[in-house]
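Residue numbers start at 1 and run along the sequence shown. Each ligand, and each atom within it, is numbered from 1 in the order the structure gives.
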Amino acid sequence: ASAQTVAAPRDGRSARILLGVCGGIAAYKAAELVRRFRERGHEVRCALTPSAARFVSPLTLEVLSGNPVYSETYLEAGRHGEEEHIVAAAWADLLCIAPATAHMLSSLALGLAPNFLSTLALAFRGAVVVAPAMHSVMWEKAPLQTNVDELRRHGVVVIGPDSGPLASGEFGLGRMSDPLSIVTACERSLAPRSLAGRTVLITAGPTQEPIDPVRYLGNRSSGKMGFALAAEAARRGARTLLVAGPVALPTPSGVERHDVRTALEMEKVVHDLAGDSDLIVMAAAVADFRPASYETHKIKRHQGTPEIELVANPDILASLAELAPNALRVGFAAESALTADEAERKMRAKNVHLLIANDISRGDIGFGSDQNEVIVFRPEAPPEPISRRPKAEIAGVLFDRFETSLRSRLSEARSTRG
Ligand code: C5P
């Protein structure tokens, strides 16, 4: 593989895992993590920060992993070229940092490289899973939380920390997640490239409908759910087209992004791209109405209170049945209490195969939140609630459902042909 490609797991099951260990009391659990990874057939190499080597012996990890350990002594031995961090990064399918200290998390978020492990992380292109462990006061500090949010936004999977007794003798949030949960999170992140060769079109964010040069009608959609879906599609190997309304979110890696502002602009771009798509997910909160006219000059207060006449925007989703008849089409419904009957009606009206409902009346999920809780509606199947979890994880569950539907459509198409 060239330096440009992300190494794929050798056989779809076993992977090359680089376990980064930071200096914290939870470092002793790294030994168990190595064993768990190996039990499940993965190859493991460990990289210790200088302080981690004071909590857990490199020799322990070397013996358990069956590989030399990247530690300061190993690197100082000078047997290796200067590019050892590049070599290690190219070797691995996944980087798991457990335990991840506050210092490491902030370094990762800011792109700092104070030691070998963070330099390696900077050089690494694949999936990253971090398992924070620290005292709860440190974990809850605003600057750290900002940095952890930044990592999540860039697709880093953050597992834990969990609640329980802390090293200080107190009880609180800060314990590293148990090794088995970390292994599971890593295996999830190594999702097979099951959508290779497919094109997925996703819309995200709000639209803005201008009234005059400074004012517009908008809505509170943050775009986070749609961006998480796009990241997931790309991770699964799909050619991923993301049509984004005005949002301040970084483009997930491997995603082709088209920025739009209004519903009409979104309609045009979606129509241009829909024909090539195997799966279309309309996660955008498209404005249903726009001002009938646009004032080219800012409306002045002394002109009196304006009356703004609205006209309906086209329903983009409903128009796709004709433009992309073979694509699996998925709609979102931002509604608090959608009954199965109403969902069924909506699916028929919009001619979609799946409808994902989320409750936007709740502050802890939905609009603007990093968490979501949704219900998946499909014809002739009971509604499936997906409990509250980070949007990146919701995206993973939803793509599992989309793939099931894609597969069954494919086999249906084959059987009708045959
Ligand atoms: O009818 P409602 O707005 O509840 O439908 C929501 C679904 O329809 C979402 O998937 C949204 O992206 C899509 N939609 C659309 N065009 C519109 C309004 C909504 O494609 N004008």
Before accepting this row, confirm whether a basic side-chain N of the pair Arg38/Glu43 lies closer than 4.0 Å to the acidic partner's carboxylate O.
-> no
Side-chain donor-acceptor contacts of residues 263-271 below 3.5 Å, not counting sequence neighbours, with atom names and distances?
| residue | atom | partner | partner atom | Å |
| --- | --- | --- | --- | --- |
| Glu265 | OE1 | Arg261 | N | 2.8 |
| Lys268 | NZ | Asp272 | OD2 | 3.1 |
| His271 | NE2 | Ser319 | OG | 2.9 |

Could you list the residues that satisfy ring pair (Phe, Tyr, Trp, His ring centres under 6.0 Å) with Phe227, not counting sequence neighbours?
-> none
Donor-acceptor pair between Glu307 and Thr305 side chains, under 3.5 angstrom | no
For a distance cut-off of 3.5 Å, show me each N or O of ligand 1 paired with any protein N or O, plus the separation.
| residue | atom | partner | partner atom | Å |
| --- | --- | --- | --- | --- |
| ligand 1 | 1 (O) | Lys350 | NZ | 2.9 |
| ligand 1 | 4 (O) | Lys346 | NZ | 2.5 |
| ligand 1 | 5 (O) | Lys350 | NZ | 2.9 |
| ligand 1 | 8 (O) | Lys350 | NZ | 3.0 |
| ligand 1 | 10 (O) | Met282 | O | 2.7 |
| ligand 1 | 10 (O) | Phe332 | N | 2.8 |
| ligand 1 | 10 (O) | Phe332 | O | 3.4 |
| ligand 1 | 12 (O) | Met282 | O | 3.3 |
| ligand 1 | 12 (O) | Ala284 | O | 2.7 |
| ligand 1 | 16 (N) | Ile316 | N | 3.0 |
| ligand 1 | 20 (O) | Ile316 | N | 3.4 |
| ligand 1 | 20 (O) | Leu317 | N | 2.8 |
| ligand 1 | 21 (N) | Pro314 | O | 2.8 |

Expected list for residues 288-304: side-chain donor-acceptor pairs under 3.5 angstrom, two or more places apart:
| residue | atom | partner | partner atom | Å |
| --- | --- | --- | --- | --- |
| Arg290 | NH1 | Ala312 | O | 3.4 |
| Arg290 | NH1 | Asn313 | OD1 | 2.7 |
| Gln303 | OE1 | Lys300 | N | 2.6 |

If we ignore angles and hydrogens, is there a donor and acceptor under 3.5 Å between the side chains of Asp149 and Thr146?
-> no
